[in-house]
Structures are given as structure tokens and as C-alpha cells.
Amino acid sequence: MPLGGAGEIGANFYLYGSQGYWIAVDCGQGFINNPSGDPQVLIPDIQAAKDNGIKIQAILITHGHEDHIGALPHLWKKLKCPVYSAPFALELIASRIKDKRLLSQLHSIEPLKTNQFGPFSVEWIPVTHSIPEANGLFIQVAGRNLYHTGDWKLDPAPVLGKTTATQRLQAIGKQGIDVIIGDSTNAPLTGHSESETRVQKGLLDMIRPLPNRVLVTCFASNLARIYSLGKIAQQTKRQVTLLGRSMQRIHGIGKKLDYLNDFPELVAAQELGYLPRHEQLIICTGSQGEPKAALARLAEGKHQFLELEAGDHVIFSSKTIPGNEEAVERLTEQLAARGIQLLTDEDGLIHASGHPAQDEIKQLYEWLRPKHLLAMHGEDYHQDAHCDFAKSLDINSKSVKDGEIYDLSAAPRLMDAIDIPLIQIENR
């Protein structure tokens, strides 16, 4: 039963129940934009589930992106159950919460080890994604084998972290998967996603010849991209500065968990005035046009420590999330009006999606041999494309929606549906 993430991108929150025992997979937030372009946070409304007698006993986190963990600080007081995940996601959760009771309920798991939650046996399976320590979940319950993909791709060279546990996935496939609950984000796309290692080379090729200050904006959670930019700074004899609280927070967690042992020392923003422009490489938040982010303040000439100058370069090492187009366009117009040179993925291979295209989906399904697919994590268009592609592989497929309740004891059967609204909360 999805409470969020089925029919939209974001707010991922999926419930599994057996013998009256319920677990949740992920607890994420979604976003919409108001006319100013300022993103407004949405979280699933769990009251309808409670009204139907559902008490969640444990929350299992696949990875640390906000659309998979961001609702926890808001909902945990109502849920009051333990949370299990790999260390990177747990550090991200802990860095955002003030409730010490929740801190005591965060539990680290070991990948490829079986964990018991009531009637559920669950194993976290390492996969590559655009954040370290992403996992799919192999769930065994009531004689059924399920695989919840989480967010994933097949990247043979992810820069940071482990590669996908392909041998374990193949072994699971030999047991047989009854139902796969699968990420649909890039299901409409043919081919294969790009490797993060190739993005590192693309960024190096783009940055090396640039004569002045270089600012790169990317998703703060993409620690591999931050790591790559640190290496590029060393290769191009530039110093690194991080702008934006979320960027600095991720960097701190990466250092704590030994992902950034050889990352160059940072130059504080207030010290940039002592560095020649051609020695500066700035990694910055704000790629989605967020009005309060560091890049927006730079575009307006209102940043406390830095003033961009004509001839400087801003590189967008990211994609625009649907719904943010107007905010990003407004931002780029402001930068261009200041004489800033803009570079995007149209100018080189400087971004890679963290989600699988059709070649990767086909490979995973050949390993797992699922009988059925429930397509989730996408808007209707993405999920429908996922179903169509799976059917071409002779996999029975259904596109699920928030609030729908499926019986998985045999072929997935829609039993009921309840209204599950996403509610808006204050964006702190």
C-alpha cells in the first residue's frame, strides 16, 4: 500500500503488511512550487492508514535522498517506531532532527544480512545510485519473495561506494521473485544511464580550459559529484569552496564516514577575496532555482562573501526537476544579465541520472526473473511506460497509485483504495 511515491516523483512511503504486522519502506517528502518558485514541502498524510487499523512497527530506509527520508522529522512523533538503514542515510536523518527519542530509534543495518521484522525477513542489497549506500530490499514473507528496488542504476564505476551486488541479485533470481516493486523514473528512456566516472572526465574537460572563476551547482546529496570536483580542483590547480548549508552538511558526513579522506582542504567563503579568480572552484547549492539558496543570492548580487563578475562561469551539473523550469529559467536570466557564462549538459557530459534506463531494467529483470511488476516511483507517464516495457519482457505488470491496497499472496490483486492526500508543511 503506497502512501506516497506512486503517481508522483517524491514523497516515497510504501507499506507492507502480513498477519497484522506492518512495515514501511522509506518516509520521504515531495515538493511543489508556489508562484515565486520557492519549493513547498509535501508529506504523506498517515491518518487514513491509522484510521484503517494500520500501525507501522518499523521503517526501513533504502537510501538518504530527501524524497525517501525527508518526512521522518515531521511524522516520527506519530509513528514512534524504530528506523533501520545503512549508516550514510542514518547520519543524514540524524543531522536534520532535534527529537532525541528519534535518535535513540535509529539502527544501522549490515548489507547482505537478513533482518527479521515480525513475519518479514528483509535483506538490504547494495545498488548504485547518485548517493552512497543505496539499497534495494529483498523481502520474504508468507511464502512470497518480493524485491523493492528503491532508487538504482547499474554503474560499473560509481566513483564512491560499492558497485551493485550483482552476484547476490542473480542468486536471489534463482530462488524466484514473485513481485518486483520497481522504480519507474527513467523507464521511458531507451539505452543505459551514464557512469559517474564519465561525468568526472566530462567536468574535467569542461573546467580545465576556463580562464576565470568557476562555480559548479549540483545536488548537494551527490557526494560522488562533490568528490569528483575536489579531484578536478587539484588537477586544475584550483582551490575548493563550498557554498550552502546542505552542501557543507553532506561534506561533513562524507568526511565522518571516510568517503572524502583525500578531498582537498576547503577555502572558507570569506577568504575568497584573497584568491585570484582563476584559482577558485566553488561548489554551490541552488541548481533548481531555489530563491533562498546560495546561487540565487549570487545571481541577485546579495551573497555575503562573494560577488560574481562578468566572465565567470557557472556550470549546471544537474538536471531540472519537473516543476522547477520557471525558477531555473529566472535564475539563468539573472546570471546572464550579469555577464556570467552558463554551461549545461548540452555543452558536455557533466551530469548523469541516478535512475535506470531500459537496458538496465532489462538486465535486472533477467537476473531476478520476476513474475509480476508493480510500477511505482514516477508520474503516470513513467509508470505506464515501465509497465509497457515489462510486458514486452513477458512480465505481468500493474501501475499502482497512492492509497491502493494490493493483495500479493498470489498474482497482485487490487483489493481496495483509500484517499491518501499529500499535505503541505512549512519549509524550514
Side-chain angles (χ1 to χ4, degrees), residues 2-5 8-15 22-34 38-50 54-109 117 129-135 150-151 219-223 244-254 256-257 285 288 290-293 321 377 402 420-428:
L3 300 187
E8 72 268 332
I9 294 178
N12 293 280
F13 199 163
Y14 307 91
L15 305 188
W22 289 85
I23 59 175
V25 173
D26 292 331
C27 186
Q29 64 187 28
F31 299 94
I32 57 171
N33 286 324
N34 64 23
D38 194 7
Q40 300 298 304
V41 175
L42 301 174
I43 62 172
D45 185 352
I46 63 172
Q47 189 59 47
K50 298 179 74 171
I54 295 173
K55 177 177 173 55
I56 298 170
Q57 303 291 328
I59 301 173
L60 319 183
I61 300 296
T62 61
H63 67 285
H65 278 143
E66 287 295 305
D67 62 329
H68 293 259
I69 65 171
L72 262 176
H74 308 283
L75 292 179
W76 188 83
K77 288 182 180 179
K78 296 181 179 180
L79 296 168
K80 294 181 180 177
C81 61
V83 178
Y84 299 83
S85 187
F88 195 83
L90 292 184
E91 289 289 343
L92 287 169
I93 295 167
S95 72
R96 293 291 298 273
I97 61 177
K98 300 176 182 178
D99 191 330
K100 292 182 179 179
R101 293 171 300 170
L102 174 51
L103 285 172
S104 70
Q105 291 294 315
L106 299 180
H107 302 283
S108 181
I109 60 88
F117 305 97
H129 184 43
S130 54
I131 193 170
E133 299 178 16
N135 292 273
D151 293 6
F219 297 115
S221 61
N222 196 332
L223 192 67
R245 285 180 296 176
S246 58
M247 193 72 70
Q248 292 164 350
R249 180 167 58 95
I250 294 288
H251 173 267
I253 292 171
K256 179 178 180 179
L257 297 180
T285 58
Q288 301 306 302
E290 305 96 312
K292 297 177 183 178
I321 296 173
H377 201 298
D402 292 347
I420 302 288
L422 295 177
I423 55 176
Q424 186 171 319
I425 61 171
E426 183 180 352
N427 186 15
R428 296 183 183 274

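Every heavy atom of this structure was used, including side-chain atoms; hydrogens, water molecules and symmetry mates were not.
- Shown here are the ring-ring contact (aromatic ring centres under 6.0 Å, His included) partners of Tyr84, two or more places apart in sequence or in another chain: His107, Phe117.
- Note that CD of Gln248 and CD1 of Ile253 are 12.5 Å apart. Values are rounded to the nearest 0.5 Å.
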One pair to check against side-chain contact (heavy atoms from CB on, under 4.5 Å): Ile131 and Asn222. What are the steps and the verdict?
CA-CA 5 Å; Ile131 193 170; Asn222 196 332; over 6 Å; no

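- What you find for Ala71 and Ile43 is that their closest heavy atoms are CB-CG2, 3.7 Å.
- No donor-acceptor pair closer than 3.5 Å links the side chain of Asp26 to the backbone N or O of Gly28.
- Side-chain atoms of His65 and Asp151 include no donor-acceptor pair closer than 3.5 Å.
- At distances below 3.5 Å, at least one donor-acceptor pair connects side-chain atoms of Glu290 with backbone N or O atoms of Gln288.
- Every residue was checked against the salt bridge (charged side-chain N to carboxylate O under 4.0 Å, His left out) condition with Lys78, not counting sequence neighbours, and none meets it.
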Show the numbers, then the answer: is there a side-chain contact (heavy atoms from CB on, under 4.5 Å) between Ile69 and Cys27?
CA-CA 5 Å; Ile69 65 171; Cys27 186; over 6 Å; no

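- Looking only at side-chain heavy atoms (C-beta outward), Leu103 and Ile93 stay at 4.5 Å or farther from each other.
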Stepwise side-chain contact (heavy atoms from CB on, under 4.5 Å) test for Leu92 and Leu90:
CA-CA 5 Å; Leu92 287 169; Leu90 292 184; over 6 Å; no

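- Among residues two or more places apart in sequence or in another chain, the side chain to side chain donor-acceptor pair (under 3.5 Å) test is passed with Ser108 by none.
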Residues 54-61 side chain polar contacts: donor-acceptor under 3.5 Å, at least two apart:
none

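- In terms of the salt bridge (charged side-chain N to carboxylate O under 4.0 Å, His left out) criterion, residue partners of Glu66 (sequence neighbours excluded) are, by chain and number, Arg96.
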Quick one: do Arg101 and Trp76 satisfy side-chain contact (heavy atoms from CB on, under 4.5 Å)? Show the steps, please.
CA-CA 10 Å; Arg101 293 171 300 170; Trp76 188 83; 3.9 Å; yes

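- A 4.5 Å side-chain heavy-atom check between Pro44 and Leu422 finds at least one atom pair inside the cut-off.
- Nearest heavy-atom pair, Ser246 versus Thr285, reported as atom, atom and distance to 0.1 Å: OG-CG2, 3.3 Å.
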Would you sort out whether His68 and His129 count as a ring-ring contact (aromatic ring centres under 6.0 Å, His included), showing the intermediate values?
CA-CA 13 Å; His68 293 259; His129 184 43; 7.5 Å; no

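- Between the CD atom of Gln29 and the CG atom of Leu75 there is a distance of 10.0 Å, given to the nearest 0.5 Å.
- Contact record, Ala24 with Phe13: CB-CE2, 3.4 Å, taken as the closest heavy-atom pair.
- The side-chain contact (heavy atoms from CB on, under 4.5 Å) check on Pro2 picks up Ala6, Tyr14, Val400, Asp402, with sequence neighbours excluded.
- Heavy-atom minimum distance, Ala48 versus Ile420: CB-CD1, 3.7 Å.
- Here the OG atom belonging to Ser221 is positioned 8.0 Å from the NE2 atom belonging to His63, to the nearest 0.5 angstrom.
- With contacts defined as side-chain heavy-atom distances shorter than 4.5 Å, the pair Pro87/Glu133 qualifies.
- A donor and an acceptor atom, one from each side chain of Asn135 and Thr62, are nowhere located under 3.5 Å apart.
- The closest donor-acceptor contact from the side chain of Glu8 to the backbone of Gly5 lies under 3.5 Å.
- Residues Leu106 and Ala94 approach most closely at CD1-CB, 4.1 Å, considering heavy atoms.
- Shown here for Gly10 and Asp67, the closest heavy-atom pair between the two residues is CA-CB, 3.7 Å.
- Inter-residue side-chain proximity for Leu3 and Ile46 is flagged as met; some heavy-atom pair is nearer than 4.5 Å.
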